[in-house]
Participant: 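After the C-alpha cells below, expect a handful of questions from me.
Note that these values count all heavy atoms, side chains included, but never hydrogens, waters or copies made by symmetry. Since the model is a prediction, treat every value here as computed from it, not as a measurement.
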Amino acid sequence: MPSDFYTDVWDLVRLIPEGRVTSYGAIAKYLGSARSSRMVGWAMNASHSAPEPVPAHRVVNRIGMLSGKAHFPDPDEMQRRLEAEGVVVENDRVVDFDLLCWNPMTELMLE
DNA sequence: AAGTTGACCCCGA
DNA sequence: TTCGGGGCCAACT
C-alpha cells in the first residue's frame, strides 16, 4: 500500500490537462514540501504500481527536460505521448515550456 | 544499522 | 554564462 504522499502526487498529476506539462518542483511546492522535489521523482518511480494510470510523461524538470524518460518501460513513448497531445519536444526538451507549464497553485486556485 | 543514491532545485563563484 | 556544492528525505544496498 503506497503512502499518502504518493497518491497525492498521482492525483495531482492526473489533473494535468492534455497538452500541458508541469515540473517536479511545482508539484512538491503544491504539496507543501518545496524542497522535496526528489520525492516527487520517487513517487513517479512508484507510479508503475499505481492503481490507476499516471500520465508521468507530463511531468518534467524545471527547464522542461524529459529527465525521466529513461525510466519508462519504453523511453520513446514519453516523447511520443507528449507530441500526440500537441506538445513539441526537441532534443529531449519541451519547446515553449514556459507557456505550457501548468502551475497547480495558479490553475487550481482559479477554480 | 549506516552509508549511498536519486525521474530535483537553489545559490554562490 | 556555466560549474560545483549543499540541501532535501525516502528507498536501496
Side-chain angles (χ1 to χ4, degrees):
Chain A
M1 193 58 178
S3 57
D4 291 328
F5 181 77
Y6 284 6
T7 52
D8 281 346
V9 173
W10 296 339
D11 283 342
L12 186 57
V13 172
R14 280 193 273 261
L15 290 178
I16 304 173
E18 284 190 16
R20 301 294 295 279
V21 293
T22 193
S23 68
Y24 298 93
I27 295 174
K29 198 177 215 176
Y30 179 78
L31 294 180
S33 313
R35 306 287 157 72
S36 303
S37 43
R38 295 197 137 183
M39 297 305 95
V40 179
W42 277 109
M44 291 299 101
N45 189 29
S47 69
H48 292 286
S49 52
E52 292 179 44
V54 179
H57 59 280
R58 296 184 191 143
V59 184
V60 295
N61 67 3
R62 70 181 181 89
I63 61 173
M65 208 155 76
L66 310 190
S67 42
K69 79 166 207 166
H71 294 269
F72 277 73
D74 180 4
D76 293 333
E77 191 175 323
M78 183 173 188
Q79 179 167 341
R80 266 203 305 275
R81 292 185 79 164
L82 283 172
E83 290 178 333
E85 295 179 2
V87 179
V88 182
V89 178
E90 191 173 301
N91 198 6
D92 289 347
R93 213 181 76 164
V94 175
V95 181
D96 293 333
F97 171 74
D98 296 338
L99 272 47
L100 295 172
C101 183
W102 181 79
N103 191 318
M105 314 252 238
T106 317
E107 300 290 335
L108 293 180
M109 203 92 84
L110 291 176
E111 288 294 314

Participant: Quick one: is C:dC9 close enough that its OP1 or OP2 comes under 4.0 Å of any side-chain N or O from A:Ser33?
Facilitator: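 It does not, given that no N or O in the side chain of A:Ser33 lies less than 4.0 Å from OP1 or OP2 of C:dC9.
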Participant: Mind checking the C1' distance from C:dG6 to B:dT4? Whole angstroms is fine.
Facilitator: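 16 Å, rounded to whole Å.
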Participant: Rounding to a whole Å, what distance do you find between A:His71:NE2 and B:dT5:C1'?
Facilitator: 11 Å
Participant: Starting from P on B:dC8, measure out to CZ on A:Arg35 and report it in whole angstrom.
Facilitator: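 From A:Arg35 CZ to B:dC8 P: 17 Å.
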Participant: Could you tell me the separation between the CD1 atom of A:Ile63 and the P atom of C:dT1, rounded to a whole number of Å?
Facilitator: 12 Å
Participant: Among the candidates B:dC8, B:dA7, C:dA10, find the nucleotide nearest to the side-chain atoms of A:Tyr6.
Facilitator: C:dA10
Participant: Take the protein atom CZ of A:Arg38 and the nucleotide atom C1' of C:dG7, then report the distance between them rounded to whole Å.
Facilitator: 9 Å
Participant: Keeping A:Arg20 on the side-chain end and A:Leu100 on the backbone end, is there a donor-acceptor pair under 3.5 Å?
Facilitator: yes
Participant: Between B:dA7, C:dC8, B:dC9, which one does the side chain of A:Arg62 approach most closely?
Facilitator: B:dC9
Participant: Rounded to whole angstroms, how far apart are CG on A:Asp8 and C1' on C:dA10?
Facilitator: 16 Å
Participant: Starting the side chain at C-beta, find the nucleotide from B:dA7, B:dC8, C:dC12 nearest to A:Trp42.
Facilitator: C:dC12
Participant: Give, for atom OG of A:Ser49 and atom CH2 of A:Trp10, the distance between the pair rounded to the nearest 0.5 Å.
Facilitator: 5.0 Å
Participant: Looking only at side-chain atoms of A:Ser36, point me to the closest of C:dC8, B:dC9, B:dA7.
Facilitator: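 Of the candidates, C:dC8 comes closest.
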Participant: Determine, step by step, whether A:Val54 and A:Arg14 satisfy the side-chain contact (heavy atoms from CB on, under 4.5 Å) criterion, reporting the C-alpha distance in whole Å, the side-chain angles of both residues, the deciding distance to 0.1 Å, and the verdict.
Facilitator: CA-CA 6 Å; A:Val54 179; A:Arg14 280 193 273 261; 3.6 Å; yes
Participant: Nearest of B:dC9, C:dC8, B:dA7 to any side-chain atom of A:Phe72?
Facilitator: B:dA7
Participant: From the set B:dC9, B:dA7, C:dG7, return the single nucleotide nearest to any side-chain atom of A:Met44.
Facilitator: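 For A:Met44, the side-chain atoms sit closest to B:dA7.
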